[in-house]
Number of protein chains: 4
Amino acid sequence: MISIDLNCDMGESFGAWRMGSDAEIMNYVSSVNVACGFHAGDATVMRQTVEAAAKKNIAIGAHPSFPDLQGFGRREMKMSEQEIFDVVIYQISALNGICRASGAKMRHVKPHGALYNSAAINQPIAAAIVRAVKAFDETLSFYGLSSSYLISEAEKIKLKTVSEVFADRTYQTDGTLTPRVQSNALIENERDSIAQILQMIKTQTVTTVDGQIIPIKAETVCIHGDAPRAARLARAIRQSLIENNIKIGAV
Amino acid sequence: MISIDLNCDMGESFGAWRMGSDAEIMNYVSSVNVACGFHAGDATVMRQTVEAAAKKNIAIGAHPSFPDLQGFGRREMKMSEQEIFDVVIYQISALNGICRASGAKMRHVKPHGALYNSAAINQPIAAAIVRAVKAFDETLSFYGLSSSYLISEAEKIKLKTVSEVFADRTYQTDGTLTPRVQSNALIENERDSIAQILQMIKTQTVTTVDGQIIPIKAETVCIHGDAPRAARLARAIRQSLIENNIKIGAV
Amino acid sequence: MISIDLNCDMGESFGAWRMGSDAEIMNYVSSVNVACGFHAGDATVMRQTVEAAAKKNIAIGAHPSFPDLQGFGRREMKMSEQEIFDVVIYQISALNGICRASGAKMRHVKPHGALYNSAAINQPIAAAIVRAVKAFDETLSFYGLSSSYLISEAEKIKLKTVSEVFADRTYQTDGTLTPRVQSNALIENERDSIAQILQMIKTQTVTTVDGQIIPIKAETVCIHGDAPRAARLARAIRQSLIENNIKIGAV
Amino acid sequence: MISIDLNCDMGESFGAWRMGSDAEIMNYVSSVNVACGFHAGDATVMRQTVEAAAKKNIAIGAHPSFPDLQGFGRREMKMSEQEIFDVVIYQISALNGICRASGAKMRHVKPHGALYNSAAINQPIAAAIVRAVKAFDETLSFYGLSSSYLISEAEKIKLKTVSEVFADRTYQTDGTLTPRVQSNALIENERDSIAQILQMIKTQTVTTVDGQIIPIKAETVCIHGDAPRAARLARAIRQSLIENNIKIGAV
């Protein structure tokens, strides 16, 4: 039986501000990436998110970011490799301790937003991130964009990797995501999203925007939690996977 | 042979701003309390401080604070007990992970500034802090003002406590520190500071501002690292202790 | 014809996080108090809020706070009078310049949250705030809790004051608000809220929780914008005032 | 008589952290650029800096930055033009109001650090900054790197510009500064710094790293205030200018 992980970014509320439908989406996913206070989340939100995920036996991961609350970690910052190494350790340590104090376990790390995107195409940034993860705990799994520097740098130092694909993004012939500035970057249609996921999981290929079929490693599917219809899409994806005899579970 | 711990707050630089004479004072103390990013310190400063302390075999502790960089954690904030519990876990977890990634060990926790002062006289705040420490790691030592709620609440839940006394502060008859607003709060004279310390360590008593001799539990002496003559005082204290056959070492 | 101002706190979104129903509530109020980046709001949210209010000819005011984004300015902080003076000038200056750049005018200042509550009962804090407002622009109106230090300190230095009353809070015999910790602090019922407002506006009295009728100066009514039913209550209040021949407009 | 402006970045202390020798350097310069809280400075430091500069009749300017305290505004951030426009208005407004409350006048704006460097070579960023300055107050002077987009974009919209040159940086044949990563980027020698300044002021030319003499517009000279020998260099430059009959004064 084929199996796949469904992951979702969570714990993105901050102070008095709420974001996402964490409680509902936790019914559909097998892994959550928890914000660590640098782009979203605070100590209280982190604890609450960890407790909720632990109660549902969902795999918990850290979601470290550039330090940019106001920009939600979506703005690239020119930080040195040493600075990136340091802020990644700080953030994953904070979440790890909150898990420990709650009797839960942190099992993976997935970089957030601009840090994820920068590292995917920038080898030294990817290297700094994975070195930080390994220095902290070499048994952690590392989630990264399939076929990107995130995965290759993690493999290089023998971290366990989990290759991520997207339900609602289109792919280009070179295997990269179509940039959001292009009109065909997003798959708006729920049925098309699900079709793409099923193809990726079953055949480990994806059909690109210009119609070619290329290989892609799909070990986890990212569900975006902050979209308005996020919970609905998550439920629909889960249901399709079950109907297709695909097992959902953390890697 | 009598023994005593000398501790100093460190890692209080932040970004481009330097503070303290950490490298020099590390020659004289046996324990350091490392800022965790909420009142001072950042991920890079924390790592550098941990590495330096580890190299000198000095005991490393976390120094959690109210979240107030601009006020350096010296302004009391009315946070709920749950919020305090959460920010303490976040901060000690961050430092603990940085220690772990550097191959060092975090051995104690000492609250900083207004958090320390509030908790010393406010039982629920002290209780929230020590519960956080215990939830994270029940083997940690907990530093607190001698005879205050910090110590009694930690004892109540069986945390190992270390009672702290001050070299440069005077005491009142009820055992509390003379408030800084009073003119006789500080011991400005180096010889008087040393005399007070020696009395506290050797006899476990202190002479109060109105001349009474009262009992005091002295297990660690706090050296203030941000005073201009901090390094000089630290060296002088260390030398006096050695001359008096008192062993210096973390508890 | 009697007239009254209706004010509401606005611009409390921050970065990627939304809060409140600003656009809708602007249809019902005559004044808005705009967050200045210390408890909520950022430069972009501030400009958008100012532009929206200017378009509807609503009076714009600054809503300065303690510096505490994560706590939304609701936690008391022990800042010195000079620090409070300085952060108030900083915040009202920032909003004033954003108004100026948008071709709008800033007309009033109302402290936010814990700063408002502290100053209401603490004369030196109130004095620091009103001195800051006057130092910046002595023609600004100053909104404060009716009968509190906020009003008396502003009057002392000849600032134009606007006495604020609450639609959804009960009053005690000494004229103060019933603390939120008490079960009868809030008026949950829409009809009762409106009855209280009408009494306050028409008779300048309020009926206290123990049934006494006491005098109260009511020049502006605060509508809470972050409550779930805020827009509905604002509309109902506006409609009642119109039906009662009370003119709604900034003072 | 030839005249030149000497400017220095100031007010870069933050909370408990001190930076620079503002009081001394104010004896030598004619203009100061005051940090506005985003990379350095806080409301209290800003007021103190403004008061000190006003007392010495030094021209006061705002020094807006990317929002990055920990990185001191030296890390490039990918912000949208609208975001840059908004944060520039926020910061210059804050300083302007602090000047107003102190009875001083804000006369110019000079972007800081990575914002300055990005805008110098990126037309849309430069355009966003100068539009913000003009929207706030079209009578302000705008300081920018000589011959860069900062100057040309400001001229395009009829802002008064002040072309800045550096005492301690070398120039390349295309008129740009030699990047700091190159070994010959800095002029370490005091005599060479002064010689370069005198040439630039007297002849409006500079000798590049490969020995060519190229034209350069020099209206203000930047003195770096955070270098260890900053005050000494400032004094030496001032003295040389006086000896060479060059008048020092804000433009």
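In what follows, chains carry the letters A, B, and so on, assigned in the order in which the sequence lines appear, proteins first and then strands, with residues in each chain numbered from 1.
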Check the surroundings of atom [atom1] in [X]: do more than 12 heavy atoms from other residues, nucleotides or ligands lie under 6.0 Å from it?
| X | atom1 | result |
| --- | --- | --- |
| B/F166 | CZ | yes |
| B/R232 | CZ | no |
| A/K56 | NZ | yes |
| A/E138 | CD | no |
| B/F38 | CZ | yes |

Handout entry: Option in B/E83, B/Q82, B/K134, B/Q91 with maximal non-hydrogen atom pairs under 4.5 Å from chain A
Key =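 Between B/E83, B/Q82, B/K134, B/Q91, the count favours B/Q82.
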Exercise for the section: Would you mind telling me which of B/P67, B/G97, B/S102 has the largest number of heavy-atom pairs within less than 4.5 Å of chain A? Expected result: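 Among the listed options, the one with the most contacts to chain A is B/G97.
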Exercise for the section: Would you give the length of the straight line joining atom CD1 of B/I89 to atom SG of A/C99, rounded to the nearest 0.5 angstrom? Expected result: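 Here the rounded value is 11.0 Å.
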Exercise for the section: Examine whether an atom of B/R100 lies under 4.5 Å from a heavy atom of chain A, and if so say whether it belongs to the side chain, the backbone or both; otherwise answer neither. Expected result: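 Both backbone and side chain.
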Problem - Proximal component of B/D137, with respect to chain A [non-hydrogen, under 4.5 Å] - result: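 B/D137 touches chain A through backbone and side-chain heavy atoms alike.
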Handout entry: Between A/A94, A/G37, A/C36, the one whose heavy-atom pairs under 4.5 Å with chain B are most numerous
Key =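 Result: the option with the highest number of such pairs is A/A94.
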Handout entry: Heavy-atom check, side chain of A/D86 versus side chain of B/M46, under 4.5 Å
Key =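 Side chain of A/D86 against side chain of B/M46, heavy atoms only: no contact under 4.5 Å found.
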Practice task
Could you tell me whether the side chain of B/Y90 and the main chain of A/T44 form a donor-acceptor pair under 3.5 Å?
Solution key: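 No, because the side chain of B/Y90 does not come within donor-acceptor range (under 3.5 Å) of the backbone of A/T44.
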